[in-house]
Student: 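First the structure, which I've put down as structure tokens, then a few questions once you've had a look.
If you're wondering where the values come from, they're calculated on a predicted model, not measured in any experiment. In what follows, every chain begins at residue 1, and chains take the letters A, B, ... in the order their sequences are listed.
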Amino acid sequence: DGGITQSPKYLFRKEGQNVTLSCEQNLNHDAMYWYRQDPGQGLRLIYYSQIVNDFQKGDIAEGYSVSREKKESFPLTVTSAQKNPTAFYLCASRPTRDSLYREQFFGPGTRLTVL
Amino acid sequence: KNQVEQSPQSLIILEGKNCTLQCNYTVSPFSNLRWYKQDTGRGPVSLTIMTFSENTKSNGRYTATLDADTKQSSLHITASQLSDSASYICVVSASGNTPLVFGKGTRLSVIA
């Protein structure tokens, strides 16, 4: 069963704590992305990675960190420095080669709530 | 600056009626444009994708059009169903491996 999985679906965190959101894909895609979605807002790019062991900041990287040690995995850590972390987080992946359209596929999302 | 604007922000229609959602973009150099459907609390799912040379693409009751000269796209939904209630997001890709540019979406509610 191919696709992108995110876990957990719902996550609660106390203020001041770091938390890591998981994203795994078995589509053999090179590029992976993390987005944040707030009510009434479009998706905003946090971080992205085109290849293993390399990643770039997106538009709203402050307070977040990522790693890309394996092609299949791109975990996102929401640190205590992120001032307003409550949001819906979406992970996505897409091929960067051998595909005319290079469609981006999304995971089911993780809803993070800071208490 | 690369931008994607969608209208209307929200729309309510009766079941069985048609509707059209609009997308204007200023992304350059243009590569392709996608429409995604996002159900509440779920990840977006691709409906259609069009490149510069394509004016129309259909997927069942969904028909997307693209006018690359005026940089406008529309998504037409025919004979709406309650399950069409969702957010519809227009996404434009520039050439190369640059990040996608997302619109804020149109929230469609289909009521009985």
Student: Supply the atom-to-atom distance B/Tyr36 OH to A/Phe106 CZ, rounded to the nearest 0.5 angstrom.
Tutor: 5.0 Å
Student: Between atom CG of A/Leu90 and atom CZ of B/Arg42, what is the distance when rounded to the nearest 0.5 Å?
Tutor: 11.5 Å
Student: Linking I/L/V/M/F/W/Y whenever their side-chain heavy atoms sit closer than 4.5 Å, directly or via other members, would A/Phe105 and A/Tyr47 fall into one cluster?
Tutor: no
Student: Would you kindly confirm whether B/Tyr62 and B/Ile13 end up in one hydrophobic cluster when ILVMFWY residues are joined by side chain heavy atoms under 4.5 Å apart?
Tutor: yes
Student: Could you state whether A/Leu45 and A/Phe74 fall into the same hydrophobic cluster, counting links through intermediate Ile, Leu, Val, Met, Phe, Trp or Tyr residues with side-chain heavy atoms under 4.5 angstrom apart?
Tutor: no
Student: Minimum heavy-atom separation for B/Gly41 to A/Lys9, with atom names?
Tutor: O-NZ, 3.5 Å
Student: Find out whether A/Gln37 and B/Ser87 are in side-chain contact, i.e. whether some heavy atom of one side chain is under 4.5 Å from a heavy atom of the other.
Tutor: no
Student: For chain A, find which of B/Gly105, B/Ser46, B/Ser10 contributes the most heavy-atom pairs closer than 4.5 angstrom.
Tutor: B/Ser46
Student: Group every Ile, Leu, Val, Met, Phe, Trp and Tyr by side-chain heavy-atom contacts under 4.5 Å, then state whether B/Val110 and B/Leu21 land in the same group.
Tutor: yes
Student: Here's a test for you: under side chain to side chain contact (heavy atoms under 4.5 Å, CB included), which of B/Ile89, B/Val91, B/Val101, B/Leu100 qualifies with A/Leu43?
Tutor: B/Ile89
Student: Quick check: are there more than 12 heavy atoms from other residues, nucleotides or ligands sitting under 6.0 Å from CD of A/Glu62?
Tutor: no
Student: Check each atom of B/Gln9 against the heavy atoms of chain A and say whether the ones under 4.5 Å are side chain, backbone, both or neither.
Tutor: neither
